[in-house]
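Below is one structure, written out as structure tokens; comments come after it.
One is the number of the first residue; the rest follow in order along the sequence. Every number for a ligand or one of its atoms is a count from 1 in the order of the listing.
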Amino acid sequence: MSNLKNTLREKIEAWRPRTKMLLEEYGNTVIDKVTIGQAIGGMRGIKCLVTDISYLDPNEGIRYRGYTLPEVFKLLPKPKNAEMPYVEGLFYLLLTGEIPNEQEVLDLVDEFSKRRILPRYVYEVIDAWPCCSPPMAMFSSAILAMSRESFFAKKYKAGINKNEYWDPMYEDGLNMLAKLPEIATYIYAKLYREGKRIVGNPNLDVGANFAHMMGKAKPYDDVTRMHFIIHADHESGNVSAHTAHLVGSSLSDVYLATSAMINGLAGPLHGLANQEVLRWLQEVMERMGGEIPTEEELRQFVWDTLHSGQIVPGFGHAVLRKTDPRYMVQREFSLKYLADDPIFKYVDMLYRIVPQVLIEQNKAKNPWPNVDAQSGVIQWHYGVTEYDFYTVLFGIGRSIGIVANLIWDRALLYPLERPKSLTTDMLEEIAGIKEKNLTHELGDD
Ligand code: CMX
């Protein structure tokens, strides 16, 4: 058994009594009340999910296992001559809560490398898609197809003890994560490089191998590490993480749950926003004939977008109430490496203008930029200009957190998710307005 799996087994055994005691002795303790606004309004703020992988504070931003992003970037081991840490090290941290040492990360780099080869039929599934298909749909289907490899499904059929569910989930999770860069770069080559694929190099870590398969020179390896690390997890209520948890709660395997989460990530209010930002910027540039607009012109463009009933992509958030630290990590990188890029200048201007406009409009609860406002611009700068592909990159990163969560979901035996719904009539009764309406109908007021 690998060192990581041994460490994880010890952690799981130590953790289980905490969950058991909370359930058995404090199961009726009230956390929060739920309002009608929350029931209709997308369950904002209802505290009804548990995860120890990450926590999102509205005013501070994300912490992975208690560490802020700057701490994560500082503490995790880095490859030689790299500015950003190993992606594999982040997976170790999310899974165990511990910062791995160099050797622990290298063991995991080796594990990922050994598990990265794709079954042939995955290429065939991708090839079966008609030309110009959406990359996220292709990505989701390729992951879904691999469900036939699931150890968990096989073990379940054979009658595994539920206390051991997490073990085949771990195997499936690692197998899948190791393959995602191969799948994504194959889709990229098929869609945008006339099928000319660059074969992976087993001697490289995930970040460097991804850059290699994309045909990109340094520092794209660091761009990739940064990208995958900042997108990995955002606690469990966001659409992608929640979808994976929900689907996994019926004991669906990792492939089924991850494919579903990719479909949720593909919506423009969630992960697709990163490519929407580029599409929207292209419109501005077209309107400006390629010239950099003045602040006044850009402000007008933002207002025109709002007045036409559209959203400004890359700004706002359902939980955050400040600038997303994931945005700031990328902004710092951009200020260092792409400060003179015209498209970064647009983004920099938007950073100053959009929040003022959203505050003036007085609708968005959070006028500040989120992760998606900046990520596409970095990709564009390094020559990945096919912005339809950007959400696939988000999807690889997000899968790291998804897998860590799914393994722990199984380890702590979180049950089938099944909240209760009410009818509108019932809400009106709870609000006390149904009776009023009846009285009105009877002409009794
Ligand atoms: N542009 C225009 N209007 C916005 C806005 C934006 N960027 N952000 C919020 N609003 C509007 C909402 O559409 C809503 O309008 P209505 O009352 O007419 O429905 C109002 O402000 C209040 O919304 P909110 O409570 O502040 O935000 P929500 O929790 O409902 O939604 C989010 C959050 C992210 C969907 C929203 O801010 C948005 O659409 N942002 C742009 C898309 C985006 O960048 N998504 C990516 C988020 C990060 C990620 O998941 O990847």
Side-chain angles (χ1 to χ4, degrees), residues 35 37-46 54 56 58-59 61-62 69 136 227-245 261-281 283-284 298-331 347 350-379 387 390-402:
T35 64
Q38 289 173 311
I40 297 177
M43 299 191 277
R44 292 290 182 288
I46 299 177
S54 69
L56 178 60
N59 295 308
I62 193 68
L69 283 183
M136 281 295 269
H227 192 95
F228 290 169
I229 289 174
I230 61 173
H231 288 87
D233 209 33
H234 221 220
E235 68 170 41
S236 35
N238 63 80
V239 169
S240 50
H242 190 192
T243 303
H245 171 75
M261 87 83 180
I262 290 289
N263 300 341
L265 190 67
L269 296 187
H270 193 14
L272 199 86
N274 67 0
Q275 54 195 65
E276 281 295 289
V277 169
L278 259 291
R279 190 182 58 77
W280 187 73
L281 276 175
E283 271 180 50
V284 190
L298 198 55
R299 180 174 287 108
Q300 190 52 49
F301 193 81
V302 175
W303 272 118
D304 289 350
T305 300
L306 293 174
H307 286 144
S308 62
Q310 298 176 65
I311 54 162
V312 182
F315 287 79
H317 201 271
V319 177
L320 277 168
R321 293 296 175 258
K322 63 162 265 187
T323 296
D324 192 336
R326 302 172 299 174
Y327 178 91
M328 291 313 288
V329 166
Q330 297 180 99
R331 181 174 161 79
V347 170
L350 288 173
Y351 177 65
R352 281 174 276 127
I353 290 170
V354 175
Q356 294 169 8
V357 174
L358 289 177
I359 289 169
E360 206 178 318
Q361 193 204 27
N362 200 20
K363 268 178 78 177
K365 293 189 189 70
N366 177 44
W368 311 111
N370 62 57
V371 64
D372 297 318
Q374 185 77 68
S375 54
V377 175
I378 300 178
Q379 294 299 325
Y387 52 80
Y390 292 170
T391 316
V392 173
L393 302 175
F394 192 153
I396 302 175
R398 179 53 49 93
S399 301
I400 299 166
I402 295 299

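The shortest side-chain heavy-atom distance between Q275 and M136 does not fall under the 4.5 Å cut-off.
Here CD1 of I353 is found 12.5 Å from CH2 of W303. Values are rounded to the nearest 0.5 Å.
For E235, the side-chain hydrogen bond (donor to acceptor under 3.5 Å, both in side chains) test picks out no residue, with sequence neighbours left out. With sequence neighbours excluded, the residues that form a side-chain hydrogen bond (donor to acceptor under 3.5 Å, both in side chains) with R331 are D348.
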Which pairs of N or O atoms, one from ligand 1 and one from the protein, are separated by less than 3.5 Å, and what is the distance for each pair?
{"residue": "ligand 1", "atom": "1 (N)", "partner": "V312", "partner atom": "N", "Å": "2.9"}
{"residue": "ligand 1", "atom": "7 (N)", "partner": "V312", "partner atom": "O", "Å": "2.8"}
{"residue": "ligand 1", "atom": "7 (N)", "partner": "F315", "partner atom": "O", "Å": "2.8"}
{"residue": "ligand 1", "atom": "18 (O)", "partner": "K363", "partner atom": "NZ", "Å": "2.8"}
{"residue": "ligand 1", "atom": "21 (O)", "partner": "A364", "partner atom": "N", "Å": "3.3"}
{"residue": "ligand 1", "atom": "25 (O)", "partner": "K365", "partner atom": "NZ", "Å": "2.7"}
{"residue": "ligand 1", "atom": "26 (O)", "partner": "K365", "partner atom": "N", "Å": "2.6"}
{"residue": "ligand 1", "atom": "29 (O)", "partner": "R44", "partner atom": "NE", "Å": "2.9"}
{"residue": "ligand 1", "atom": "29 (O)", "partner": "R44", "partner atom": "NH2", "Å": "3.2"}
{"residue": "ligand 1", "atom": "30 (O)", "partner": "R44", "partner atom": "NH2", "Å": "3.2"}
{"residue": "ligand 1", "atom": "40 (N)", "partner": "F315", "partner atom": "O", "Å": "2.8"}
{"residue": "ligand 1", "atom": "44 (O)", "partner": "G314", "partner atom": "N", "Å": "2.7"}
{"residue": "ligand 1", "atom": "44 (O)", "partner": "N370", "partner atom": "ND2", "Å": "3.0"}
{"residue": "ligand 1", "atom": "45 (N)", "partner": "L269", "partner atom": "O", "Å": "2.9"}
{"residue": "ligand 1", "atom": "50 (O)", "partner": "H270", "partner atom": "ND1", "Å": "2.6"}
{"residue": "ligand 1", "atom": "51 (O)", "partner": "H270", "partner atom": "O", "Å": "3.4"}
{"residue": "ligand 1", "atom": "51 (O)", "partner": "D372", "partner atom": "OD2", "Å": "2.5"}

Show me the donor-acceptor pairs within less than 3.5 Å that the side chains of residues 39-46 make with the rest of the protein, sequence neighbours left out.
{"residue": "R44", "atom": "NH1", "partner": "G42", "partner atom": "O", "Å": "3.2"}

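H317 and H234 have perpendicular rings, their planes meeting at more than 60° on a 0 to 90° scale where under 30° would count as parallel.
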